[in-house]
Amino acid sequence: MSSKQKLLTTSQSASFLIAFVVIISLWVQVLLKLTREGVIALQPITLSDYIIILGLFVAVPLVVIAIFVAFAAYVALNRAKSQ
């Protein structure tokens, strides 16, 4: 066995993964609802339509991923400091 200490426990890793899947699923549901209501135009006509679609479908998911990675790194670094 390796003598390396794991920075995240299995339960922490599983919790992060489950939370990530739940958040992404909720985001997809919100996008589907907004699309059905006509708030989001999937056939953009104006520049503002393109910007809204880019923000909702690309920028927001990237920010969510960055937050999850930052939080996991924070927890791992705190665990490394305590050991």
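Treat the numbers as computed from the prediction; the structure is a model and nothing was measured. We're numbering straight along the sequence, starting at 1.
The only option from Ile65, Val64, Ile67 that meets the side chain to side chain contact (heavy atoms under 4.5 Å, CB included) definition with Ile23 turns out to be Val64.
Taken to the nearest 0.5 Å, the CD1 atom of Ile51 stands 12.0 Å off from the CG atom of Leu56. For the atom pair CG of Leu32 and CD of Glu37, the computed distance is 11.0 Å after rounding to the nearest 0.5 Å.
The ring-ring contact (aromatic ring centres under 6.0 Å, His included) pairs that include a residue from residues 47-83 are Phe16-Phe71, Phe20-Phe68, where partners are two or more places apart or lie in different chains. Every pair tested for side chain to side chain donor-acceptor pair (under 3.5 Å) that includes a residue from residues 20-29 fails, sequence neighbours excluded, so the list is empty.
Panel note: side chain Gln12, backbone Thr9; a donor-acceptor pair is recorded below 3.5 Å.
The other residues sharing a hydrophobic cluster with Leu26 are Ile18, Val22, where clustering joins ILVMFWY side chains under 4.5 Å apart.
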>> Using the rule given for side-chain contact (heavy atoms from CB on, under 4.5 Å), can you reason through Thr46 versus Asp49, listing the C-alpha separation, both sets of side-chain angles and the distance that settles it, and then say yes or no?
In response: CA-CA 5 Å; Thr46 63; Asp49 290 340; 3.4 Å; yes

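Considering all non-hydrogen atoms of both residues, Pro61 and Gly55 come closest at CD-O, 4.5 Å. Between Ala76 and Leu8, the shortest heavy-atom contact is N-CD2, 3.9 Å.
Ile53 and Leu47 are members of different hydrophobic clusters when ILVMFWY side chains are connected at heavy-atom separations under 4.5 Å. Ile40 is connected to Val30 through a chain of hydrophobic side-chain contacts under 4.5 Å among Ile, Leu, Val, Met, Phe, Trp and Tyr, so both are in one cluster.
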